[in-house]
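Below: one structure, written as structure tokens.
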Amino acid sequence: MASAGDDATVRFWSPAAGRPLGEPLTGHHGPVTGVSFAPKGGLLSTTGTDRTVRLWPTPAV
């Protein structure tokens with residue numbers, strides 16, 4: 001699971017443990033407004049109010 005933050009970060013979460021996986025991802029320069037996993041896995045795309053789209057590798061679980 002992934003979440004977008006008003007603090008310009010993205011976090012991966014462990015639903016079973018109910019806690020974040022690793023450190024937050026940074027790179028956006030403003031609130032993150034959307035997250036979407038690639039259909040075949042391996043990547044997460046995010047969008048933000050900074051008018052950028054970023055791609056992140058997903059963690060191995």
Using distance only, find each side-chain donor-acceptor pair of residues 11-20 under 3.5 Å and give its atom names and separation, not counting sequence neighbours.
unit_1: Trp13; atom_1: NE1; unit_2: Ser3; atom_2: OG; d: 2.8
unit_1: Ser14; atom_1: OG; unit_2: Ala17; atom_2: N; d: 3.2

Q: With sequence neighbours left out, write down each residue that passes side chain to side chain donor-acceptor pair (under 3.5 Å) with Ser45, or none if nothing qualifies.
A: none

**Q.** Under 4.5 Å side-chain linkage, directly or through intermediates, the cluster mates of Val53
**A.** none

Q: Group every Ile, Leu, Val, Met, Phe, Trp and Tyr by side-chain heavy-atom contacts under 4.5 Å, then state whether Trp56 and Phe37 land in the same group.
A: yes

Do any side-chain atoms of residues 22-32 form donor-acceptor pairs under 3.5 angstrom with protein atoms, and if so which ones, sequence neighbours left out?
unit_1: His28; atom_1: ND1; unit_2: Asp50; atom_2: OD1; d: 3.2
unit_1: His28; atom_1: ND1; unit_2: Asp50; atom_2: OD2; d: 3.4
unit_1: His28; atom_1: ND1; unit_2: Thr52; atom_2: OG1; d: 3.2
unit_1: His28; atom_1: NE2; unit_2: Thr46; atom_2: OG1; d: 2.7

Q: Kindly compute the distance separating CG (Leu55) from CG (Leu44), expressed to the nearest 0.5 Å.
A: 8.5 Å

Q) What are the two closest non-hydrogen atoms of Thr49 and Thr33, and how far apart are they? A) CG2-CG2, 3.7 Å

Q: Work out which heavy atom in Val35 is nearest to a heavy atom in Ala2; give both atom names and the distance.
A: CG2-O, 4.0 Å

